[in-house]
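In this text the structure is predicted, and so the values were computed from the model without any measurement. Side chains are part of it too, since the values below use all heavy atoms of this structure and drop only hydrogens, waters and symmetry mates. Positions are given from 1, in the same order as the sequence printed here.
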Amino acid sequence: MVVVAAIVRNRHLRKPAYVLLVNLALADVCRGLSIISRNNPWTLELFRFFSALLSMNSLLVLSLERYWFIVHVFSYESIFAHRLKLTVFVVWTWLWSLACSVIVVAT
């Protein structure tokens, strides 16, 4: 949570790579909560599956963003600066719907 607080408080850290680091930090917090929580088994399995997928996909998006930054320097700002929040939103909603559908099909 220190990473999230530092990036949220400092305006000069609100660049695409740091926003994705906040996304990864929140995914790791979700993963940690899913491991230590003792809720309803159905809800717990849904949250565990979602948090695992979210952590993996956050690393994937962060890696793709860094790759694009290195390889396509000149088109980086036009691609990631405006679409980053949308990308994070799409990843969260897509993974949540995937986790829900897998749990529903499994039961």
Worksheet item: With hydrophobic residues grouped by side-chain heavy-atom distances under 4.5 Å, do Leu95 and Leu60 end up in a single group?
Response: no
Discussion item. Are Val61 and Leu64 connected into the same hydrophobic cluster when the rule is that any two of I, L, V, M, F, W, Y join if their side-chain heavy atoms are below 4.5 Å apart?
Written reply: no
Side chains of residues 24-34: which donor-acceptor partners sit under 3.5 Å, not counting sequence neighbours?
residue : atom : partner : partner atom : Å
Asp28   : OD1  : Ser55   : OG           : 3.1
Arg31   : NH1  : Arg48   : O            : 3.0
Arg31   : NH1  : Ser51   : OG           : 3.4
Ser34   : OG   : Arg31   : O            : 2.7
Ser34   : OG   : Ser51   : OG           : 3.1

Discussion item. Tell me whether Leu84 shares a hydrophobic cluster with Val90, the cluster being built from Ile, Leu, Val, Met, Phe, Trp, Tyr side chains joined at under 4.5 Å.
Written reply: no
Using a 3.5 Å cut-off and no angle test, enumerate the donor-acceptor pairs between side-chain atoms of residues 11-21 and protein atoms at least two apart in sequence or in another chain.
residue : atom : partner : partner atom : Å
Arg14   : NH2  : Val8    : O            : 2.4

Discussion item. Can you tell me how far apart CZ (Phe49) and CG (Leu98) are? Round to the nearest 0.5 Å.
Written reply: 5.0 Å
Fill in: Side-chain donor-acceptor pair present, Trp92, Asn23, cut-off under 3.5 Å
yes
Worksheet, complete the sentence: Here the gap from Leu53 atom CG to Trp94 atom CH2, rounded to the nearest 0.5 Å, amounts to 7.0 Å
Practice prompt. Report whether Ile36 and Met1 are members of the same hydrophobic cluster (ILVMFWY, side-chain heavy atoms less than 4.5 Å apart, transitive linking).
Written response: yes
